[in-house]
Structure formats: C-alpha cells, structure tokens
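Within every chain, numbering begins at 1; the chains are lettered A, B, ... in the order of the sequence lines, protein sequences first and strands thereafter.
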2 protein chains.
Amino acid sequence: MKIKIRKIDYLPARQVTFSKRRRGIFKKAGELSILCESEVAVIIFSQTGKLFDFSSSSTKDVIARYNSHVGGEKSDQPTLHQLQLEKENNIRLSKELEDKSCKLRQMKGVDLEDLDLDELQKLEKLVEASLGRVIQTKEEKITSDVMALEKKGAELIEANNQLSQKMVMLPGGDSGPEAILNNIGEESVTSESATNVTTFSNSSLSLEDDCSDTLSLKLGLP
Amino acid sequence: MKIKIRKIDYLPARQVTFSKRRRGIFKKAGELSILCESEVAVIIFSQTGKLFDFSSSSTKDVIARYNSHVGGEKSDQPTLHQLQLEKENNIRLSKELEDKSCKLRQMKGVDLEDLDLDELQKLEKLVEASLGRVIQTKEEKITSDVMALEKKGAELIEANNQLSQKMVMLPGGDSGPEAILNNIGEESVTSESATNVTTFSNSSLSLEDDCSDTLSLKLGLP
DNA sequence: CTCCCTATCTTTAGCCG
DNA sequence: TCGGCTAAAGATAGGGA
C-alpha cells in the first residue's frame with residue numbers, strides 16, 4: 001500500500017485527491033451501469049458541504065426507487081396524498097364554518113339585507129319559536145330551582161326543629177336559635193318572588209359571532 | 001483498452017463483473033469519505049432489481065441531505081411540516097365549528113339543559129333582541145316592497161293614461177283598456193293589505209343545525 | 001479548480017476451483 | 001454465488017503549469 005487510508009491533512013492535496021477520486025468513482029459508476037445494465041447513483045458531499053452527484057439515469061429517480069425498496073412506508077407518495085386529503089378537509093371545514101357563521105349571524109338578526117321577504121318571515125318564525133323554547137326552559141329551570149330551594153328550606157326547618165327539641169331538653173337552653181332559623185327558612189323560599197326576573201341581565205353570553213375572524217384562513221399555501 | 005464499456009452479454013460474466021465492480025466502487029467510496037472527510041452514498045440496483053447501497057454514514061441521512069440541497073422545495077421535510085400545519089388547522093377548524101354549532105343550537109333554543117339560570121336569561125334577551133331586529137327588517141322590507149309596487153303601479157297607470165289618450169285620438173277607439181288597467185293598479189298596490197302577514201310560512205329556512213354530522217371527522221389518521 | 005505527466009498502486013477480466 | 005490467481009488495464013499521488 002502506497003498511501004494509508006486516513007484523512008489527508010494537507011488541504012490542497014486533499015482537495016486534489018477529492019476531485020480526482022470523485023471523478024474516478026463517477027466513471028466507475030457509469031461503467032458499472034453500462035456493463036451490467038444496472039441503475040446507479042452516487043451522492044457525495046465535500047467537506048465544505050458542496051454536493052456532487054452522479055447517476056446512470058436520474059438521482060431523484062434512483063432515490064425514489066430506493067425509498068420504495070427501503071422502508072416502503074414513509075415514502076413521499078402517501079405523505080403527499082395525505083397532505084391533499086388534509087387540504088380538502090380544511091377547505092370543507094372552512095366552508096362549513098362560514099355557513100354556520102352566516103346562519104348564526106342571521107339568527108342574531110344581523111346581516112339580513114340579502115334575505116327576501118319569504119326568508120325573513122321564516123326566520124322570524126324560527127326565532128320566535130326559539131324564544132318560546134328559551135323562555136320555557138328558563139321557567140322550568142326557575143321552577144326546579146325554586147323547588148330545590150323549598151326542599152332545602154324545609155329540610156333546614158325540620159333540622160332546626162329537631163335541634164330545638166334537643167335544646168329544650170338540655171339544661172340552660174332557651175328558644176333563640178329556633179326562632180331565627182325558622183324566619184330564615186320562611187322568607188327565602190317563598191315561591192312567588194322569583195318567577196318574573198326576565199327583564200334584567202342584558203349582556204351577550206359571549207355569542208358575538210362576527211364571522212370575520214375565522215375566514216381569512218391560509219389553506220396550506222407555502 | 002482491454003474491454004469496451006458496453007453491456008456484457010454473457011450472463012455469468014456479467015454477474016461476476018457486477019459483483020466485483022460493485023465492491024470496488026463501495027471500497028473507493030469508503031476511501032474517499034475517509035481521505036477527504038466527505039459524506040458519500042452509493043445506491044445500486046442490479047439488473048434483477050436487487051438493491052445494494054453503501055454510505056459513509058447512513059444512506060437515508062445522505063439522501064435527506066441531498067433532498068435539502070437539491071430542489072429544496074419538494075423534499076420530505078417541508079411536506080411533513082406542512083402536513084403538521086394542515087392537521088393543526090383541521091383541529092382548530094373542527095373546534096371552531098363545534099363551538100359555532102353549539103351556539104347556533106342554543107340560539108335555536110335546543111340543548112339548553114346545561115345552561116344555568118343566568119345564562120338562560122342572557123340568551124333570552126339575545127333572542128328577544130334578535131327577534132326585534134328580524135321583525136324590524138321584515139317590516140322595512142315589506143314597506144320598501146310595497147313602495148316599489150306602488151311606484152310601479154303608478155307608472156303603469158300613467159302609461160295607461162297616456163295610451164288611453166292616444167287611443168281616443170285614433171279612429172274606432174273606445175274606453176275599455178283604460179278602465180281595466182286602472183282597476184288593476186288601484187287594487188294591488190294599496191298599502192294596508194300586506195303588512196300583517198307574519199303568521200304564515202312556518203318551515204325552517206334550512207337552519208337545521210344538528211351538529212352531529214360534522215363532528216365525526218377523521219383528522220388524518222392513516 | 002483543471003489538466004498534464006509519470007511512476008507506482010489498485011482494480012479487474014478471464015479463468016480455475 | 002464466491003474466492004483466488006495473474007496479467008493487463010485503469011486509477012491516482014505527486015509535481016508542475
């Protein structure tokens with residue numbers, strides 16, 4: 001062996017050797033591909049990061065063929081196909097979102113300029129029916145809340161009475177606690193005082209839709 | 001030149017040459033990578049489609065580096081990154097869509113079970129206000145429609161009158177057309193007859209939301 | 001970085017097992 | 001398919017332009 005296979009320290013010599021041997025390999029690769037009708041690709045990065053490549057056909061083709069042989073799963077094609085699916089999904093979702101936003105705005109009674117009379121009347125019926133359901137739900141809620149409070153109150157009174165009975169049996173007990181707790185129970189659970197509260201509380205429940213924030217989507221353009 | 005660089009016809013000889021030269025190239029590639037501290041990959045497909053590859057490090061790494069140098073756009077990495085972005089976009093859109101659907105359902109007065117009293121009251125106010133705007137818009141629409149009809153009717157009457165005048169100036173003209181058109185105009189454009197039509201037309205304007213159709217999205221799982 | 005030259009060194013075609 | 005052999009062909013280190 002004339003030279004040892006180890007890093008050539010002297011930079012100019014290394015550069016020259018790199019150039020010569022690189023071309024030698026490319027030549028051999030080309031010869032092999034012709035002599036044996038095979039597909040060959042050689043990829044070389046110099047120490048400085050520069051790329052040199054040789055291929056009997058196309059380096060990209062050979063790499064693609066390599067990817068389909070090795071691994072076989074995580075090649076380009078499925079990824080590209082998936083990307084396509086995701087983009088279509090995005091477009092579909094965006095459209096649905098815009099549609100929903102539009103309907104929501106109409107339900108809130110804004111942007112009605114483009115509706116004709118018939119549509120407006122249908123919308124009115126719809127909102128009217130909705131209002132009815134909301135009021136009904138609210139009143140059911142109030143009723144059940146009140147009933148729950150009454151039940152709780154009754155339980156408290158009962159507990160109070162039992163405590164009072166125990167009190168009077170103890171030495172030094174007076175009637176104070178009984179009276180106080182009974183008063184609390186009787187006043188706060190009366191059922192008529194809370195059913196007509198529909199006119200306060202006027203903020204917006206965070207239902208401000210405004211449609212304008214979500215429609216400027218960049219749908220995957222690089 | 002002892003041998004010409006052309007396909008070796010005799011199969012056994014070709015196979016032997018393929019094997020020998022292949023190993024020769026791999027050896028040279030390894031020597032180059034050591035001598036010049038470079039990154040080398042060699043990919044060879046035999047005539048029978050079998051893959052042989054050599055690399056100073058990892059063929060996949062070298063290919064990845066190659067992809068990032070060449071083309072730069074249609075390599076794997078950006079595609080994967082884009083895919084990630086698309087998926088995130090999809091998730092975000094799905095969430096927004098679900099949110100909108102939920103709000104829309106509430107506006108329509110369904111699925112109110114989870115709202116508390118305060119929220120119900122706010123919702124009621126909101127729907128009430130919406131109803132007011134819808135009714136107002138509808139009435140404005142009716143008014144403008146009616147005015148448009150009146151204007152049209154007036155124009156028709158005017159046109160009719162002019163025609164009638166020309167008619168009487170012609171030989172054989174009688175007063176028939178004038179009377180007919182005047183009657184049409186007077187009857188159909190009277191403004192009181194159309195302002196209270198709010199109680200017909202009760203279908204749903206295709207606002208059936210139902211939220212259940214759009215939430216079973218497959219978000220890119222293979 | 002490329003090309004040339006030349007004396008080595010390395011690869012390999014052809015053949016054998 | 002593989003390895004060994006050998007002579008010939010080919011590649012390349014070193015030096016110079």
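Using a 4.5 Å heavy-atom cutoff, the side chains of B/M147 and B/K151 are not in contact. In this structure, B/Q106 and B/C102 have side chains that are in contact, with non-hydrogen atoms separated by less than 4.5 Å.
Contact annotation for A/R14: no contact, since no heavy-atom pair falls under 4.0 Å across all strands.
Between B/F26 and B/F54, the ring planes are parallel. Angles under 30° get that label, and only those over 60° would be called perpendicular.
Between the P atom of C/dC1 and the CD atom of A/Q47 lies a distance of 11 Å, rounded to the nearest Å. Nucleotide C/dC1 holds its P atom 5 Å from the CD atom of A/Q15, rounded to whole Å. Going from atom NZ of B/K4 over to atom P of D/dA8 covers 21 Å, rounded to whole Å. Counting to the nearest Å, the P atom of C/dC9 and the CD atom of B/E31 are 15 Å from each other. For the pair B/I25 CD1 and C/dT11 C1', the computed distance is 11 Å after rounding to whole Å. Put simply, CZ on B/F18 is 18 Å from C1' on D/dG3, counting in whole angstrom units. Between A/L32 atom CG and D/dA11 atom C1' the separation is 16 Å, expressed in whole Å.
For B/K28, taking side-chain heavy atoms from C-beta onward, the closest of the listed nucleotides C/dT12, C/dT10, D/dG14 is C/dT10. For A/K27, the listed nucleotide lying nearest its side chain is D/dA11; candidates were C/dC15, C/dT2, D/dA11.
Atom NZ of B/K50 is surrounded by 12 or fewer heavy atoms from other residues, nucleotides or ligands within 6.0 Å.
Of the residues near DNA chain D, B/R21 and B/L35, the one whose nearest nucleotide (by heavy atom distance) lies more toward the 5' end is B/R21.
Side-chain N/O atoms of A/R23 include one lying less than 4.0 angstrom from OP1 or OP2 on C/dC3. Applying the 4.0 Å criterion to OP1 and OP2 of C/dT2, one finds that A/S19 has a side-chain N or O inside that range.
When ring centroids are compared, B/Y66 and A/F52 stay outside the 6.0 Å threshold.
Side-chain atoms of B/K20 and base atoms of D/dG3 include no donor and acceptor less than 3.5 Å apart.
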